[in-house]
Amino acid sequence: MGVTLPDRQLDELAEEASPFVRLAMVEDVLNLARANSLWPLTFGLACCAIEMMAVGMAKYDLDRFGAAVFRPSPRQADLMILAGTISRKMAPVIKTLWDQMPEPKWSIAMGGCTISGGPFKYPGEYAISEGAEKFMRVDVHIPGCPPRPEALIAGILRLEEKIKQGRRGGAGEQNG
Amino acid sequence: MSLSAPDLEDPQDTYTLNMGPQHPSTHGVLRLKLTLRGERVIAVEPVIGYSHRAHEKMAETRTYAQFLPNTSRQDYLSGLIYNLAWVEAVEKLASIPVPERALVARVILAEFNRISSHLLWVGAFLADLGAVTPFLYTFDDREAIVGLLETVTGSRLTYCTGRFGGLSKDLDADFPRRAREVLVRLRARWPELEGLIEDNVIFRQRTMGVGVMTEEQCRHWGVTGPVLRASGVPYDVRKMEPYGAYPRYAFTIPTRPEGDVFARYMVRIAEMEQSCRIIEQALDGLPEGPILQEGSIGVKKRLKPPAGTLYYAVESARGAYGIVLTSEGGTEPYRAKFRTPSYANLAALQDMMPGSMVADAVAILGSLDVVMPEIDR
Amino acid sequence: MIDFVTTLAIGTAVIMGYLSVNVLFLVWLERKVSAYIQRRLGPMEVGPQGTLQTVADMLKLLGKQLLTPIAADKAVYWLAPVMVFIPTLCLASLIPLSGAEAFADQPYGLVVIIALSGLTVIAIFMAGWASNNKYAVLGGMRSVAQVIAYEVPVLLAALSVVLIAGTMNLRGIADAQAHGGGGLPFLLLQPVAAVLYFIGITAETNRAPFDIPEAESELVGGFHTEYSGMRFALFFFAEYTNMLVLGALGATLFLGGWHGPWLPGPVWLLLKAYALVAVMMWMRWTFPRLRFDQLMSFAWKLLIPVALVNLVVTALVLAVWR
Amino acid sequence: MSRTAELAGELDRAGLTAAAPIEQQLVGVAESRWVPPEHLVPAAAAARRAGFFFESMTCTDRLAAHGALELLYTFNRYDEPPPPARLAVRVWVPHGMSVPTLTRVYGIAEWNEREAWEFYGIRFAGHPNLTWLLLPEGTEFHPLLKSFTAPPPSAFDDSLSAARGAPNPAVSES
């Protein structure tokens with residue numbers, strides 16, 4: 001199951017084999033399963049991490065959507081929630097973590113800092129990386145400083161819709 | 001847990017383990033370079049800077065009012081205390097009068113912020129020791145406080161309600177009643193915490209006698225806050241250098257003689273009770289009147305404090321937070337340095353951790369209640 | 001010969017089928033129990049009351065990419081999840097579900113079970129060693145030390161039950177509790193052994209407060225840090241199967257196995273086993289974790305002496321009584 | 001006579017203090033003394049013997065006006081009742097001069113001095129490990145100097161965006 005085909009071949013294969021093999025059906029079921037069991041990586045950077053914790057707690061309870069299984073090891077996580085400012089010293093570490101995560105994987109940029117540098121971006125800043133887009137692919141952006149827990153849940157639900165629609169986060173690096 | 005001589009000498013038995021920037025119990029992005037022999041920690045070197053956001057450089061390029069949002073993003077768990085500290089420092093430098101009601105309101109908000117920070121710490125510390133459930137209970141109480149503060153300040157975590165000469169929004173009429181309800185709910189929690197956590201045998205075994213700090217070591221590293229008070233030193237900026245409306249209220253400084261991880265837990269729990277007592281006294285004596293000094297400059301740009309340097313200290317949830325503010329008479333600070341408490345508390349790890357096991361290392365780091373952006377500024 | 005092969009095939013199929021369904025149920029139960037204890041809802045969206053949540057998890061894990069770290073010891077890395085899985089399967093087939101079971105009629109069933117339950121730790125250590133990750137090695141070594149320390153009290157507790165029942169055959173032990181032993185489940189005759197046994201199996205299945213091999217807050221992921229996708233699911237599978245099987249064994253030893261009024265045999269056994277599993281889950285969400293050396297001293301200095309004393313006392317009482 | 005005044009007097013008697021190079025009003029401090037760099041270590045040792053703890057160290061860039069950097073060390077006591085018992089020791093460091101390190105007297109001085117070095121470029125003679133503390137390794141510029149306005153177009157962001165496509169060698173697809 002480890003072989004990942006680039007999308008173009010996948011679609012051509014589907015057309016040729018359509019009378020015999022309904023490849024899309026397997027893909028839809030798998031995407032439905034993937035959408036409903038997103039395991040985020042335990043990984044807080046700064047202030048947004050507190051609101052990410054709040055989402056896992058009793059009041060907002062991310063577990064209702066099956067997404068509150070916070071895995072500490074990147075090998076078992078398939079969603080990276082970037083919660084907090086990405087400093088230049090931390091960016092290569094995040095990139096390594098992102099590469100260690102197995103496909104298909106998705107990422108949520110939570111908070112202004114991960115979208116565009118947020119409150120710490122000013123002409124001549126030297127300390128932060130202005131947004132996660134600079135070095136990795138981001139699927140859902142959640143503005144706010146910090147965004148409320150409801151906003152993070154909305155972002156995760158938006159990501160689940162995206163996955164159900166079959167935008168494979170996996171093979172191609174295309175910007176879903 | 002003293003280290004015998006052979007432990008240190010033969011290097012080929014030791015190996016370095018990176019409790020890396022991404023680790024479930026480093027509470028943010030801190031990397032501990034542990035030199036281990038088997039499970040025993042020989043030496044630790046904290047590597048910081050992973051959430052350095054250049055607050056001090058930004059202070060020099062922004063006016064006093066524009067820097068307000070930055071303050072509560074340094075230590076987002078006691079963001080209100082940091083925000084009010086910056087406002088009070090500038091008021092002292094530019095000698096701006098503050099109405100009575102604002103002074104008392106600031107004490108109430110700051111103490112609620114302290115309790116919410118300690119509550120989150122209790123949950124996170126227990127999660128480090130392996131018990132996940134208390135985190136949800138203490139977080140629930142913290143949500144009650146955060147909800148209350150949200151009605152006044154409008155934000156849940158990064159507050160920006162301080163203005164030069166008062167607060168941006170007045171406490172509404174219903175605030176004292178709701179605040180007392182939260183106090184009743186918190187006070188009902190202390191016996192539960194005592195029964196479930198303090199008397200828990202496993203918790204006691206994991207925390208007693210672990211990571212002991214003597215007063216001399218605290219002085220060597222400049223440790224302040226609950227970590228220092230757990231080593232028997234009653235140093236609290238609210239008592240030593242009283243500011244705002246604190247001298248009016250009677251409260252004690254809880255200390256513990258042992259100086260180990262268990263003592264730090266007990267000190268923080270006792271401190272929460274003291275904060276409740278302060279809030280009660282402040283709520284009883286809440287004066288009427290304006291929340292913001294009339295004609296005060298508020299957030300306008302023309303604030304130009306006289307030239308000079310000011311050292312203004314405040315007691316944050318983690319210790320003595322000092323602002324060294326230098327003004328050359330311009331609209332922007334010439335230099336602003338933030339002496340954050342966890343900077344010294346984390347450095348003290350290099351004395352506390354050698355000799356302990358990996359599991360203790362996690363407990364000791366948890367007991368320091370470290371918030372990384374406060375250290376990296 | 002033919003009927004032996006068919007029973008073997010059908011038996012394995014039944015056990016494999018039941019155990020995989022059981023894992024899905026247990027994982028769902030664990031998340032619901034933890035949600036109940038923590039005053040929140042737990043999985044709700046996927047299927048009624050979130051019942052299909054674990055199915056979604058399994059399917060997702062099936063579809064994950066299987067990563068192998070370059071510097072890992074590839075053969076051992078690949079073998080470890082398979083190895084952790086086989087002993088628990090054999091264990092499951094030895095538990096007597098009801099009087100007529102063909103598999104369980106081993107004269108020394110108990111010895112076989114205790115021996116097999118020690119095998120999982122080899123696989124865990126293989127996983128820890130092969131993934132070339134310091135956290136994993138630490139987790140692997142911890143699990144070896146822990147299982148050795150807690151295998152002995154389990155063995156001694158089982159031994160004191162064997163003394164009373166007079167036979168090592170599990171069906172014999174279960175029958176002893178129903179008729180011969182005056183119908184009293186051994187839990188009442190041997191309360192100390194039951195407690196020791198329960199603590200022992202909690203430690204053996206790496207469940208909190210003894211979950212130091214995969215201590216999340218210290219060792220990131222413990223021995224399964226480097227495992228992703230279906231391999232990680234196999235460790236999950238083995239842990240929950242182990243829990244159920246050792247729970248069922250506990251039910252057979254102390255609660256009278258499948259004997260019970262009204263309901264058919266196997267249902268009673270599973271009810272008792274799930275009760276023990278529920279207690280284990282309840283313990284996980286209430287206790288902090290023991291430190292490594294405290295865990296060891298707790299086993300060697302407290303559990304084993306108590307188990308020995310209990311054994312001697314049982315022997316003396318039996319000698320006097322008979 | 002508070003212990004701070006005693007210590008300040010002791011510093012004066014020992015001839016460790018010097019005249020103030022610039023007129024700068026200091027608020028929130030009990031006593032304040034100017035100390036030349038060469039007398040810094042004995043002054044800090046005296047503070048340590050008197051039971052003070054190393055509270056903070058602030059470096060201010062006065063290169064444009066006076067061609068020198070100003071170091072403000074503050075020492076404080078744990079047991080002194082109000083008013084504040086803070087002693088400020090101020091050091092005037094002309095451009096290019098180095099300051100002796102206090103790491104042997106106070107543990108926390110090591111981090112403070114590393115930070116001052118990486119932000120202002122002050123060299124601390126005798127410092128055991130004078131490397132970057134908060135900034136990434138290999139940062140060539142000293143950001144908090146007034147002369148610093150923007151970082152050089154660091155290869156940092158470009159290298160990472162280039163690496164965006166390439167798979168991580170440490171992970172092999174099986």
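Convention: sequence-line order gives letters A, B, ...; per-chain numbering from 1.
- With respect to chain B, the highest number of heavy-atom pairs below 4.5 Å among A:Thr42, A:Ile50, A:Leu97 belongs to A:Ile50.
- Within the 4.5 angstrom heavy-atom criterion, only side-chain atoms of B:His55, from C-beta onward, approach chain A.
- A salt bridge links A:Glu27 with A:Arg34; the closest basic N to acidic carboxylate O contact falls under 4.0 Å.
- Looking only at heavy-atom pairs under 4.5 Å with chain A, the residue among B:Pro21, B:Pro373, B:Pro24 that has the most is B:Pro21.
- For the set A:Met90, A:Lys59, A:Met53, the count of heavy-atom pairs under 4.5 angstrom toward chain B peaks at A:Met90.
- The shortest side-chain heavy-atom distance between B:Gln66 and B:Met58 does not fall under the 4.5 Å cut-off.
- Only the side chain of B:Arg142 comes within contact range of chain A, judged by heavy atoms closer than 4.5 Å.
- Under a cutoff of 6.0 Å and an axis angle of 45°, A:Lys95 and A:Phe135 do not form a cation-pi pair.
- Looking at A:Leu41, the atoms closer than 4.5 Å to chain B (heavy atoms on both sides) all sit in the side chain, from C-beta outward.
- With respect to the salt-bridge test (charged N to carboxylate O, under 4.0 angstrom), the residues B:Arg114 and B:Glu111 qualify.
- Between the side chain of B:Ser155 and the backbone N or O of B:Leu157 there is no donor-acceptor pair closer than 3.5 Å.
- For a residue to count as touching a neighbouring chain, one of its non-hydrogen atoms must lie under 4.5 Å from one of that chain's; by this rule B:Tyr137 does not touch chain A.
- Proximity to chain B (any heavy atom under 4.5 Å) is shown, for A:Leu45, by both the backbone and the side chain.
- With a threshold of 4.5 angstrom between heavy atoms, B:Leu136 approaches chain A through its backbone and through its side chain.
- Figure legend: A:Lys105 and A:Trp98 shown as a cation-pi pair, the cationic atom lying under 6.0 angstrom from the six-membered ring centre and within 45 degrees of its axis.
- When heavy atoms are compared at a cutoff of 4.5 Å, B:Glu150 approaches chain A solely by way of its side chain, counted from C-beta outward.
- Ion pairing between a basic and an acidic side chain is recognised when a charged N comes within 4.0 Å of a carboxylate O; B:Glu181 and B:Arg178 show no such pairing.
- Here the CG-CG distance, from B:Asp141 to B:Leu120, works out to 11.5 Å after rounding to the nearest 0.5 Å.
- Between the side chains of B:Asn345 and B:Ser342, no donor N or O sits under 3.5 Å from an acceptor N or O.
- The part of B:Asn70 that comes within reach of chain A is its side chain, from C-beta onward, which places non-hydrogen atoms under 4.5 angstrom from that chain.
- Using a 4.5 Å cut-off between heavy atoms, B:Leu30 makes no contact with chain A at all.
- Using a 4.5 Å cut-off between heavy atoms, A:Ala46 contacts chain B through both its backbone and its side chain.
- For A:Tyr122, the part lying under 4.5 angstrom from a heavy atom of chain B is the side chain only.
- Note: A:Tyr126 leads A:Phe43, A:Tyr126, A:Phe70 in heavy-atom pairs under 4.5 Å with chain B.
- Judged purely by distance below 3.5 Å, without hydrogens or angles, the side chains of B:Arg53 and A:Thr85 pair a donor atom with an acceptor atom.
- Heavy-atom pairs under 4.5 Å with chain B peak, among A:Pro149, A:Gly84, A:Gly56, A:Gly124, at A:Pro149.
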Chi angles and distances behind the side-chain hydrogen bond (donor to acceptor under 3.5 Å, both in side chains) call for B:Arg31, B:Asn18: CA-CA 7 Å; B:Arg31 175 166 144 230; B:Asn18 254 322; 2.8 Å; yes

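- If you measure heavy-atom distances from B:Tyr50 to chain A, the contacts under 4.5 Å come from both the backbone and the side chain.
- Heavy-atom pairs under 4.5 Å with chain B were tallied for A:Ala54, A:Ala58, A:Ser73; the largest tally goes to A:Ala54.
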